[in-house]
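Worksheet: the structure to be examined is printed underneath.
Chain letters run A, B, ... following the sequence lines, proteins first and then strands; every chain starts at 1.
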Amino acid sequence: MPVNETLATYSDWCFRAATLIYVFAMIGYAVEQAFTRTAKRSEAAVLVGAGGPEVAEAPKYGRIEQAPGPDRAERSGRVAVALTVLGALLHLSSLVLRGVATGRAPWGNMYEYGAATMFIAVAAWLVLMRKFDVRRMGVFVLTPVVILMFLGGTVLYTEAAPVQPALRSYWLVVHVSAAIVSSGLFLVPGVVSLLYLVKSAHEANPARFAKLGPKLAPADELDRLAYRTTIFAFPVYTFGIICGAIWAEAAWGRFWGWDPKETVAFVAWVIYAGYLHSRATAGWRGTRAAVVNSVGFAVIVFNLFFINLVISGLHSYAS
Amino acid sequence: MSAAVAFLRNTWRGLTSMRTALVLLFLLALAALPGALLPQRSLNPPRTADYIAAHGWWGTLLDRLQFFDVYASVWFSAIYLMLFISLVGCLVPRTVEYAKALRAKPVLTPRNLARMPHHGSGDTAAGPDEVIAAAQTRLKGWRTVVREEEGGARTLSAEKGYVRELGNLVFHFAMLGLIVALAIGKMFNYEGQVIVLADGSEFCNSGTAGYDTFRPGLRVDGTDLDPFCVRVNDFTVDYFPNGQADQFTAGMDYQAGADLETGTWRPYQLQVNSPLRVVGDRVYLLGHGYAPIFTVTFPNGEKRTQSIQWRTVDNLTLLSQGATKFDPPGITDSEQRRKGQIAVTGLFAPTAQYDGTLLTSSYPELKDPAVAVDVMRGDLGIDSGRGQSIFEIDQSLVDQGRLTRVARENLTIGQSLRLDDGTTVSFDGVKRWVYLQVSHDPAQVWVLAFAVTMFLGLGLSLLVKRRRLWVRATPGEGGRTVVSVGGLARTDQAGYGEEFSRVATGLLDPRKGA
Ligand code: HEM
């Protein structure tokens, strides 16, 4: 199946435009972050439902706004969200165009894989922003996204092309898309857990992270956000690993062979299992769990970059 | 005596505690990691040997500590064995507890529901019995119990989400099953690789000797393999216009079971990603390459023709290297024989490209095949009893002067060269070969079944929330009834708030909650 060069070129343009727009969105979030007055747990959260007939709602935390209208920080944040949506649409177009141009699922090499993963991360963040009051922290999520996209678009960039015979299987669609969705989702709790560490350090000692600490959402909210995203991503990751094993049985002659990629996926899986256990273990909730979650994401990124680029194994289709 | 029992009991408690399980999990992750960073003997023995050699005492030390056989090492096994024990020790009491919880009634309603993380209250004209009855209908799918309190108050305790714990238990038990299935697989599996010429050559799974390499499981001695045969008729590669390979196909026939007696062959197109599955074994297409055909015509007029696989040295262009070895015919004196053995060694290119006279290949298909050969004559060392590579000649014999080069030339198909004693060597054509793997693992379907069960259990245990809800209806002033509602999520609080508000609003203010 020949590659449609025109569409492939449009796809590349969309990718670059999306990256650029994410940079602007990042600046927007950064401005909002910089001009936001100290966030406090709103009183409402504590009082909700107490005594009155009106019944508890999901606790909401928020910043207390002095001015009634949107101030500079607020406006900047809203613009940043709009830009993120626009960037995500361009990002999605880039993926779709690649797929149409090559006539296959657009995740056949590292560039495409990374691009799709980052799209999931951004989309997940957009969804979470609707459920949690975390907009101000967008800069911390978009920064790794932009860095990874920049690396993807330069170092890892691969021309649109058909994939090798070993990849020509519907398992490519199932296994790799599960890996993409879970890895993209894992980015969010990975970042949020780091913020949790900052926040709880600040809460323990207000002199630490004195500037950043007050502007982050409360620690328990960050913990909840990380947990909820992780329990969504973890089964998807599990599913992806099982599908990988089924595919390996058909393609490589064994369902599990401790190939470097398989090994590190196993390590990451065990670490996330450890994260879930740690939240049910006395003395491990909170800080330690957050460290475990961040380490989990570090291992996912390590698996993507280091194992593909430095170590040769059966998964080395990138070169 | 009692001290020993106490010690055992404490060890057991320690080993099966959640904290130990957690530490063991992290140890497992840590212990698995070196296997991804260091070369592993099971995956790539030559690279492992090179690595050890290149790292001196450090390499030797790591080797002693089994860092090149991580997944078979004592320490890795110890960790997962301890996890296994910890898991059993954790699951047994949890299962008992779960069985009890299933029969137990939802717990008493706490005195002060306003202390619960979720709560609300209101009053209504309906009587306590009515309120509780209404609550019971509303809480369909919850396990409920109604109790009476002093002073005419009625309470309802409701609980939901038992499936969470069930899912969790299923998940952990399935993991146990998976580990056992893996162990059984390791006992009874085998895996063998063999090169077969794609010219109608046959290969039968009748013993380990037929394989080029064979790796048996711990309980396999190679005498009892599943009998079947394959015959490789041809091999084709489809290409994209840009020269990239699209699909590899080996046209095969196979026979197994009753077909072996009747001699019936059944066709199969063997491709990457679609192994042949037959009598519990799987046959995979792992690779392919070329086998040039040479004919040696000896001075006495006798001819010998051979085609043996040459090894691919460049995966993109399929430039290949090898040694085709000939015995002089009709000579019985072994001394004489060892003077006149011939090896045709060198390079084969499917599409020849010359750099001066140096042959390389520019394309993997047979567009313009050519060989660059060194013809060696003398003692090949085949009779010495020492095993040697089929791809090479024994260099030490060359160094000793017992094997000497008698010609060097580039040949295309149909061309030949002549040696000083009148022997001619001709390059007649080329065959293709395929590299097949035969795998056998009787437990792998069980591994799959347990993995899927794990996944389903995990889904239940993460998505379902265990939660409690209480209602207390107390007769109040003026014939009205005070209703208070409390809620508690047993596991993670996240997400219970919305559900609680929906239920509670419905109970306290039926118009709004409808
Ligand atoms: C082979 C190692 C193990 C792995 C990979 C593993 C994996 C997991 C996973 C993925 C979960 C998440 C499901 C959930 O949160 O409901 C979980 C939960 C749980 N596991 Fe394990 N587990 C292992 C061993 C153990 C052991 C040895 C124990 C007992 C000491 C244990 C006790 C629990 C408990 C109590 C939960 C529920 C925690 C909660 O409700 O959040 N696990 N396990």
When every non-hydrogen atom of R282(B) is compared with those of E249(A), the smallest separation belongs to NE-OE2, 2.9 Å
If you take all heavy atoms of I242(A) and A451(B), which pair is closest and at what distance? CD1-O, 3.4 Å
Shortest non-hydrogen pair, D259(A) vs L43(B), comes out as CA-CD1, 4.3 Å
Side chain, backbone, both or neither: which part of F239(A) has a non-hydrogen atom closer than 4.5 Å to chain B? both
Steps toward side chain to side chain contact (heavy atoms under 4.5 Å, CB included) verdict (F255(A), D441(B)): CA-CA 10 Å; F255(A) 62 86; D441(B) 183 345; 3.5 Å; yes
Around atom OH of Y80(B), are there more than 12 heavy atoms of other residues, nucleotides or ligands at under 6.0 Å? no
Around atom CZ of F214(B), are there more than 12 heavy atoms from other residues, nucleotides or ligands closer than 6.0 Å? yes
Contact summary for L462(B) and P235(A), nearest pair of heavy atoms: CD1-CG, 3.7 Å
Is it the backbone or the side chain of I246(A) that comes under 4.5 Å from a heavy atom of chain B, or both, or neither? side chain
Turns out that what part of L463(B) lies under 4.5 Å from chain A's heavy atoms comes down to neither
Residues A32(B) and T263(A): closest non-hydrogen pair is O-CG2, 3.2 Å
Under 4.5 Å from any heavy atom of chain A - which part of L33(B): both
Residue part contacting chain A, namely of A114(B), when any heavy atom lies under 4.5 Å: neither
Give a yes or no on whether W446(B) atom CH2 has more than 12 heavy-atom contacts from other residues, nucleotides or ligands under 6.0 Å away. no
M454(B) side chain near T238(A) side chain, heavy-atom distance below 4.5 Å: no
Given heavy-atom pairs under 4.5 angstrom as the criterion, report whether the side chain, backbone, both or neither of W284(A) touches chain B. side chain
Heavy-atom proximity to chain A below 4.5 Å, by part of V438(B): neither
For a 4.5 angstrom cut-off between non-hydrogen side-chain atoms, does F266(A) reach L28(B)? yes
Backbone of T281(A) reached by a side-chain donor or acceptor of R19(B) within 3.5 Å: no
Distance from L25(B) atom CG to Y272(A) atom OH, nearest 0.5 Å? 15.0 Å
Separation between OG of S278(A) and CZ of F26(B), rounded to the nearest 0.5 Å: 6.0 Å
Identify the two heavy atoms, one from A36(B) and one from V264(A), that lie closest to each other, and give their separation to 0.1 Å. CB-CG2, 3.7 Å
Is it the backbone or the side chain of V295(A) that comes under 4.5 Å from a heavy atom of chain B, or both, or neither? neither
Heavy-atom distances under 4.5 Å only: say whether S439(B) touches chain A with side chain, backbone, both or neither. side chain
One pair to check against side chain to side chain contact (heavy atoms under 4.5 Å, CB included): N273(B) and W247(A). What are the steps and the verdict? CA-CA 8 Å; N273(B) 273 321; W247(A) 187 11; 2.9 Å; yes
If I measure from the heavy atoms of chain B, does A245(A) come under 4.5 Å with its side chain, its backbone, both, or neither? neither
Of the backbone (N, CA, C, O) and the side chain (C-beta and beyond), which part of Q437(B) lies under 4.5 Å from a heavy atom of chain A, both, or neither? side chain
For the pair F76(B) and W258(A), name the ring-plane relationship: parallel under 30°, tilted 30 to 60°, perpendicular over 60°. perpendicular
